[in-house]
There are 2 protein chains.
Amino acid sequence: MGQESGTHVWLVLWKASRAVERNALASISGLGIGLSDFAVLELLLHKGPQSVNWIGRKVLLSSGSITAAIDRLEARKLVKRTTDAEDLRSRIVKLTGSGRKLIERAFAKHAADMEETIAVLRPREREDLVRLLKKVGLWAESRAEG
Amino acid sequence: MGQESGTHVWLVLWKASRAVERNALASISGLGIGLSDFAVLELLLHKGPQSVNWIGRKVLLSSGSITAAIDRLEARKLVKRTTDAEDLRSRIVKLTGSGRKLIERAFAKHAADMEETIAVLRPREREDLVRLLKKVGLWAESRAEG
DNA sequence: GCAATCTACCTTGATATCGAGATAATCGAG
DNA sequence: CTCGATTATCTCGATATCAAGGTAGATTGC
């Protein structure tokens, strides 16, 4: 029994992530939005109005993708673009009333579903998992940049 | 300090997976193939010739996506479709000589890179991480189906 | 033996994503 | 003040993915 190889850890990580992602998607797709759009709305709900660019960096979308995402959400009147008085290049995105209502509902459902999805793990296990994932995640991130 | 919430565990899992995925992609994109194509070739290398359908299930691609993937690989002469004598509906996919050469090289590089990517984790930590990921992954998978 | 059903694969149409390049506003050096 | 560099956003083309539907071979029930 040798140690876990890098490829094996990666495979397991990938599969687990896919499986949990399917749970997350199922939890919100009923509301007609995908994971990216959900992430954008959730960010606006908890962090308040933000610039397009900043949102894109936070949810790991490229500049092209975040524009498309905001377009989608704006078309459905879930968010609104406003101009920043201080920097005319910057467009500030904020939730509309219906957007707020939708994301509040979606987030509550999502949180409940995610709770069930990781319910197999006991509190101590969750802490361990988070610690290990952060450790390898941060390392991988720094490697990906450098 | 309450326990880790489901959404937080999911967020950390997602970020770690994305970060490691970027490493994996960087490791093989130099050879002109993406992660899906790599997974297909790697499967053929280690499991031998297989039917299109079976490959798709193994690498978690939909029927449309796996066809497109095999088309890509076939266009680059990395794999070849042959007919199965026993079931004419089934097309058996096998590596060509150059396909084998490519994936052997790619896999070696990939394995080395993944080893470095998880090098922050000590053997014991890797085991823990794999155990926890499998636990939550299997659970999430069964939930996604049911 | 043949009709109904199933299975494997492919095709098509709709989305989502990215990267590169375009545009416009801001900043900074001189 | 003005020119070049930087920053924020958008546009466009290419790629990847999925879901649904189509075709042809295989299987089952009668």
Side-chain angles (χ1 to χ4, degrees), chain A residues 14 17-19 21-22 24-26 28-41 49-76 78-94 144-145, chain B residues 14 17-19 21-22 24-26 28-41 49-76 78-94 144-145:
Chain A
W14 179 68
S17 181
R18 289 274 305 228
E21 185 171 352
R22 276 185 64 191
L25 188 57
I28 60 168
S29 65
L31 295 144
I33 58 176
L35 282 171
S36 292
D37 293 4
F38 175 85
V40 172
L41 292 177
Q50 303 289 344
S51 78
V52 173
N53 211 3
W54 186 89
I55 298 170
R57 279 198 302 274
K58 278 296 175 186
V59 300
L60 302 190
L61 288 181
S62 69
S63 72
S65 297
I66 188 61
T67 294
I70 304 291
D71 284 349
R72 277 194 300 276
L73 294 171
E74 199 170 28
R76 294 187 53 191
L78 300 175
V79 304
K80 216 169 55 177
R81 280 181 172 96
T82 63
T83 51
D84 184 346
E86 295 185 0
D87 188 340
L88 293 187
R89 294 170 307 178
S90 185
R91 317 293 306 279
I92 301 297
V93 182
K94 54 183 300 189
E145 287 161 2
Chain B
W14 178 68
S17 181
R18 289 273 305 226
E21 185 173 351
R22 277 185 64 192
L25 187 57
I28 60 168
S29 65
L31 295 143
I33 59 177
L35 283 173
S36 293
D37 294 4
F38 174 84
V40 170
L41 292 177
Q50 303 290 344
S51 77
V52 173
N53 213 1
W54 185 90
I55 298 171
R57 279 197 304 273
K58 278 295 176 187
V59 299
L60 303 190
L61 288 182
S62 69
S63 75
S65 296
I66 186 60
T67 294
I70 304 292
D71 284 349
R72 276 194 300 277
L73 295 171
E74 199 170 27
R76 295 186 53 190
L78 299 174
V79 304
K80 215 169 55 176
R81 280 180 171 96
T82 63
T83 52
D84 184 346
E86 296 184 1
D87 187 341
L88 293 185
R89 296 169 306 176
S90 186
R91 319 293 306 278
I92 303 297
V93 182
K94 56 183 299 189
E145 285 161 3

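Sequence lines set the chain letters: A, B, ... in the order given, protein chains first and strands last, and positions in each chain run from 1.
- If you check every strand for non-hydrogen atoms under 4.0 Å, A:Leu60 touches sugar and phosphate atoms only.
- Atom CG in A:Leu61 sits roughly 14 Å away from atom C1' in C:dT15 (whole-Å rounding).
- A:Ser65 meets the side-chain hydrogen bond (donor to acceptor under 3.5 Å, both in side chains) test with A:Ser62; sequence neighbours excluded.
- One can place CG of B:Asp87 at 12 Å from P of C:dT7, the figure rounded to the nearest angstrom.
- With sequence neighbours left out, B:Arg76 forms a side chain to side chain contact (heavy atoms under 4.5 Å, CB included) with B:Ile33, B:Leu78.
- When the C1' atom of D:dC18 is taken as reference, atom CZ of A:Arg18 falls 11 Å away, rounded to whole Å.
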Protein heavy-atom contacts under 4.0 Å, written 5' to 3' over nucleotides 9-16 of chain D as B (base), S (sugar-phosphate only) or - (none), form the string SBB----S
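- Screening residues 60-73 of chain A for salt bridge (charged side-chain N to carboxylate O under 4.0 Å, His left out) gives A:Asp37-A:Arg72, A:Asp71-A:Arg81 as the qualifying pairs, with residues at least two apart or on separate chains.
- B:Leu88 places its CG atom 11 Å from the C1' atom of C:dA8, with the value rounded to the nearest Å.
- Distance alone, capped at 3.5 Å, is enough to place a donor-acceptor pair between the B:Thr82 side chain and the B:Ile92 backbone.
- For B:Asp84, the side-chain hydrogen bond (donor to acceptor under 3.5 Å, both in side chains) test picks out no residue, with sequence neighbours left out.
- Distance, B:Leu25 CG to C:dT17 P: 16 Å, rounded to whole Å.
- Atom pair A:Leu35:CG and C:dT15:P shows a separation of 17 Å (rounding to whole Å applied).
- Each salt bridge (charged side-chain N to carboxylate O under 4.0 Å, His left out) pair with one or both residues in residues 57-67 of chain B, not counting sequence neighbours, would appear here, but there are none.
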